[in-house]
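In what follows, chains carry the letters A, B, and so on, assigned in the order in which the sequence lines appear, proteins first and then strands, with residues in each chain numbered from 1.
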Amino acid sequence: MESVRRLLLYNIFFIVFSCIHCDVFKEELFIKSLPPSHLYTHFQFVTLVNSDTSSFHSHLAPRSLVEVISRFHVEELHLTLTEGQWRHNQWGYPVLDAAPGAELYAWFSADVVDVDIQWKKLTSTLSGLFCASLNFIENFNTVIPQMTLWPTGAVKAGQNVTSHLRYASLPREIVCTENLTPWKKLLPCESSKGFSALLNSRMIHNTNYHSVGVHVRKNCISNDCSENNLEIKQTVGLVYDYDILTSSEWSFRKLYGQGLPGACPLSSDSKIYVDVTSNDTQPFTLIPPPHSVVLSQRGGSDVKLAIYDVKPDGQMINIGIKHNRNSDLPVPIPPPLYFNRYVLGYGKEFGGIVTELTNNCWTSINVVVLENAPWWLPIQLSTLRINGEAESSLIISQYYSPGRSRQKPYHLELLMKLPPRSTTTITIDFEFVFLKWQEYPPDANHGFYIGSALILANLPTAKNYTSLPNTGTTFDSMLNASKLWYPIVFRTNGAMVSLPTPDFSMPYNVICLACTVVALAFGPLHNICTKELVLKPVGTPVSLLQKVFNLFKRKRD
Amino acid sequence: MIEYNRMLASASFVGVLIIIGLPLWWKTTEVYRVSLPYDKINSFDSLSHTITAELTVLANDDTTASEIANLIEKAFQDSTIIKLRIHKSILSHSLHTTLDSVADEHEAVEEVASHFDLSRHNSFYVVQRKPLFQDVWLAGERVMFFRDSKASSTIVEALKGIIYQLSVVEGASSESADIARQIRFPPGAGYHVVLSVVHPRPDALKVDLDAGNAIEDYIGSFVDELSVLYNFTLKSQWLHLLNFDFQSTEIKDESEWGHHFAVRQDRLHLLLTKLEERTATHVSELPTINLALYAVPCDKAPLVIYDEYDQKISSPVQAFMSPKWGGVVLANPSPKECAADQIFRPDVRVIMGTFISQLRKLLGITDAEPIKGLYLEPLRSVKPRQWEIDNLLRIKTTEQLTSAERTLQSLAQLLGEISNIVINDEVGASINSAVESIQRASDLMREGQLVNAYKTSQNAFLDAETAFMEPSLLALLYFPDDQKYAIYIPLFLPIMFPVVLSLKNLLLWFRGKPIHKEKTD
């Protein structure tokens, strides 16, 4: 009875609360096993605020972020900081894919005149906000994708979205606790209560893959889209390795170092979704039992989800699984589309980048591939080969923007139709460039990172697909959301090249050597030119200095 | 002939290395510096500025007017910074009779306003009004009434201490910061005022407060009056679950609660550290004035601040202020709110009133000591008094001007001491414009055009700060001298040595003197 009363109180509390401020905060956790040896957990914290009033007076939304958004007139923003590499062919697809390192892309509103200046200011500000090296984003590593990226939120009709888009990635960025702490400060409950209390930096940086993200977009409230909502979504994706956990029976305490201390008291909806589809082949028991289990049929794949509705009562919850019997090793089903990227060539003159796309599906898939090469890796469109052929019927449309030294990266986009059950190889050659000595990063012999390629695909099936539909905000929008197409943007793995690197102590050595040689040569030269050899008659009086010299001479003799 | 050739060779070495090489080396390794008006910068004297203020004495008869005016003039003679331009005149008959007949002082102020322009900055009216209960009556507008010539000493005291606040204005230009300067924010282009509602226990207590409306209504109408000084941006945010341990001790008392929690004053600054973690002041481009409302949870209420002598601070609102940071109000819920519906409705009027009194100090409006025989009309609304704004303009103009001068002087001194500092064209332009603005502001101050002088001094201040803080100044600062010598010595020493020595022979030969004395012997 007491608990019912409390529950009622909370509900009243939130109804009153949300109506005064019209801010909504929701937290969700999605857990999926990636057989045979990994576990994927995805946190999602959504804050919905009224975009008209929120820029000056914020309630649940982080003022710092909202202020940045409104000051730079950003319509939509996606920032991810990722460590590790998502293995699409083994693990399937994540909810939100992210490039290794730091990745940032944003759409500015149509009234922004000079997008480049605004972009520079935005990156510098975000750099301070998230303690990441985003200030290294300059014009020379920013591209304007023409076909690959589309806004996920509301866009004014008739707006040219691509001209106000900027995309940059920093593959060398190392993501660690100093990025997580400012990220946590954006949450209304910070890390003291709710799901964010699980994000213990000691545990989450111990994973195979972790990705921290902030996604801001505008959603329509009304049908005619005259009113907008600002949706701030903060995500954390983690992939645990059972070998590091030392067992395949996971629990919150093993994954995060502690149990869940109830929901965040400010959250209107706190749910945990556990994908239990593999229970049919590999029986296991969830402890404690879920509040409900739903079956979601979406695009030809049936997914069973166990749902926990967590209450902000401060009770510790430790969700885990127990295997019923030791079953055989499960065979992972490869996803409909996967890809691989590597660098070709030897020596220090020419090389090439290869992107292999495998369509595993019974039907052809349309994809857009965006190759983004830095200015120091000039790629030539003339060397583009699809499956070894220069002229390929697979390309429907292409866009190429040549780079300019120290100003603009090379940027190639291909709209292609991948035939069913085939592997398509995209090869493009580059030549190595000599950099100025100040342009080399510290530890230049480590190599230079090439950013990931972006692949936009319209998948015909939802197999392995865990993303939310475009209109959805929370995971319940994923249930039974069958659509004609399932759009997703993938990031391939990055690559590394080693540019011709000089010996950096060389200039100083050269200066010292040259100075010594010049000094040695100059003395005799000067003497020959300006002095005269005069014979001295014997018996002339000798000076004191000469006497000392003579003394030494005699001794040597 | 051979000697001629040798000397020619020697001379060409000297020519290449010393006459061509040295200037070339000097020119190529020179640090780029735009020529700066050093003489003007060095001639700045922050104590030489004077502000001219208008003062009008209006009396019933000529003798009173000149008596009062003379006394005021004498009193302000030794003031280094404020020079008064005193006009004296006799009240017109109609105004005289109305002033003596109206019952209320506010009506009298309105009567004066209908005859004279009270909205003009930097002006002040001292008006005689017979039926007055006090010697001197000071309005919120730019008017002061006095009864008769016996009140002259009170008038002078009020002008010095309250209206013109000579000590504070002089303190603004002094080398060391006085108390008012230690509290108020340093000059800037504008301020962000952020109200942070701290709500440590959202699960246990609901706080019903529209922070956005509260700050717009109360603080908004206060800062609107100061729009001549700054652009203010008002913001509000909520900080939930910010747990701070006050280390309070429970003390039994006879209040409604039956107890209160005592928190020591010296513990409060730790709350600021905790707040600073979450308030995100650094994202704003302008300086931020923080106003924090801490909603005390029911299990710790009521929280009472104790001073350093362990004495309870008796005040209806528990609040404290941190100089140059902002103010904090601890809002205690009532026992009824805690017991029944668990909804806390803070008294917005009282809290915002407290914030405004803190904001006044933080922006530089100082409350003067009361003077015997003077009735100061209390503040009836959030708006500051008109002469307070004038005085703030004077203080800020002086402060900005002094600060700009000091900045430029230290920059000039630094340039003299450190030869590696680069002054590029942009920095040079902002230094020049700062110097120009300083001179113009000084002239405007002397002319008494206060608002223009303020704007110009603000430009001077901002230009000087940009020049001083420009990162390009430091471009070559870390190119140390020892590395330079590591390259110069191996190259120049062995080369220059014989060349310099050969100079002697060359000179002798030019004068036609024998080179080798011993040879001729």
Side-chain angles (χ1 to χ4, degrees), chain A residues 9-10 13 16-17 20-21 23 53-68 71 125 128-129 182 185-194 262 264-266 312-314 508 511-512 514-516 518-520 522-523 525-532 534 536 540-541 543, chain B residues 2-3 5-10 12-13 192 194-197 201-204 206 208-213 215-216 233-243 277-285 342-343 486-495 497-499 502 505-506 516 518-519 521:
Chain A
L9 195 77
Y10 282 129
F13 174 82
V16 174
F17 215 76
I20 291 174
H21 300 288
D23 284 9
T53 56
S54 63
S55 55
F56 288 110
H57 304 291
S58 64
H59 178 237
L60 293 177
R63 184 179 67 89
S64 49
L65 191 64
V66 174
E67 203 175 313
V68 170
R71 200 199 309 166
T125 313
L129 201 57
K185 280 186 186 166
L186 301 180
L187 293 169
C189 276
E190 215 198 353
S191 53
S192 47
K193 291 266 169 72
C264 166
L266 300 164
D313 46 11
Y508 188 72
I511 289 171
C512 286
C515 287
T516 317
V518 167
L520 283 176
F522 183 79
L525 206 69
H526 186 262
N527 274 347
I528 290 166
C529 293
T530 60
K531 297 246 164 91
E532 191 187 5
V534 182
K536 226 175 226 177
T540 45
S543 65
Chain B
I2 290 170
E3 186 162 282
N5 280 343
R6 279 195 288 114
M7 285 303 137
L8 202 65
S10 189
S12 58
F13 273 116
H192 287 225
V194 180
L195 171 66
S196 309
V197 184
R201 291 287 304 275
D203 47 341
K206 183 186 147 29
D208 180 12
L209 173 75
D210 192 340
N213 271 345
I215 190 168
E216 295 279 358
T233 315
L234 303 177
K235 288 168 185 176
S236 73
Q237 65 181 342
W238 285 69
L239 303 177
H240 297 281
L241 293 161
L242 186 133
N243 280 319
E277 280 177 19
R278 299 258 312 260
T279 46
T281 43
H282 56 275
V283 290
S284 314
E285 49 202 330
Q342 300 202 320
I343 295 180
I487 292 176
Y488 290 159
I489 287 175
L491 184 64
F492 288 146
L493 209 64
I495 291 177
F497 208 64
V499 174
S502 71
N505 284 351
L506 206 61
H516 302 290
E518 68 270 29
K519 252 199 297 182
D521 284 351

*Residue among P498(B), S236(B), A280(B) with most heavy-atom pairs under 4.5 Å to chain A*: S236(B)
*Do C189(A) and L241(B) touch side chain to side chain, with heavy atoms closer than 4.5 Å?*
yes
*With a 4.5 angstrom heavy-atom cut-off, which part of S64(A) approaches chain B: side chain, backbone, both or neither?*
both
_Which portion of V197(B) sits near chain A, non-hydrogen atoms under 4.5 angstrom_ = neither
*Hey, what do you get for OG (S10(B)) to NE2 (H526(A)), rounding to the nearest 0.5 Å?*
5.0 Å
*Starting at CD of Q237(B), measure out to CD of E67(A) and round the result to the nearest 0.5 Å.*
9.0 Å
*asked:* Show, in sequence, the C-alpha distance, side-chain angles and deciding distance for F56(A) and T233(B), and conclude whether the side-chain contact (heavy atoms from CB on, under 4.5 Å) test is met.
replied: CA-CA 9 Å; F56(A) 288 110; T233(B) 315; 3.5 Å; yes
*Judged by atom type as modelled, is there a donor-acceptor pair below 3.5 Å linking the side chain of R6(B) to the main-chain atoms of C529(A)?*
no
*Considering only heavy atoms, which portion of I215(B) lies under 4.5 Å from any heavy atom of chain A: side chain, backbone, both, or neither?*
side chain
*Identify which of P182(A), G314(A), A519(A), G128(A) forms the greatest number of heavy-atom pairs closer than 4.5 Å to chain B.*
A519(A)
*Are any of the side-chain nitrogens in R278(B) or E190(A) under 4.0 Å away from the carboxylate oxygens of its partner?*
yes
*Calculate, to the nearest 0.5 Å, the distance between atoms NE2 and OG1 belonging to H282(B) and T125(A) respectively.*
10.0 Å
*When the ring centroid of F522(A) is compared with that of F497(B), is the distance short of 6.0 Å?*
no
*Does a donor on one side chain and an acceptor on the other come within less than 3.5 Å for H57(A) and E216(B)?*
yes
*Do side-chain atoms of R63(A) reach the backbone of T279(B) as a donor and acceptor pair under 3.5 angstrom?*
yes
*Which atoms of S284(B) come close to chain A, meaning under 4.5 Å heavy atom to heavy atom: side chain ones, backbone ones, both, or neither?*
both
*Nearest-0.5 Å distance, CG of residue L60(A) to NE2 of residue H240(B)*: 5.0 Å
_Option in N243(B), L506(B), V499(B) with maximal non-hydrogen atom pairs under 4.5 Å from chain A_ = V499(B)
*Answer whether the closest heavy-atom distance between the side chains of D203(B) and K193(A) falls below 4.5 Å.*
yes
_Residue part contacting chain A, namely of S502(B), when any heavy atom lies under 4.5 Å_ = side chain
*Mind ranking V194(B), L493(B), L239(B) by heavy-atom pairs under 4.5 Å with chain A and telling me who comes out on top?*
V194(B)
*To the nearest 0.5 Å, tell me how far L525(A) CG sits from F13(B) CZ.*
5.0 Å
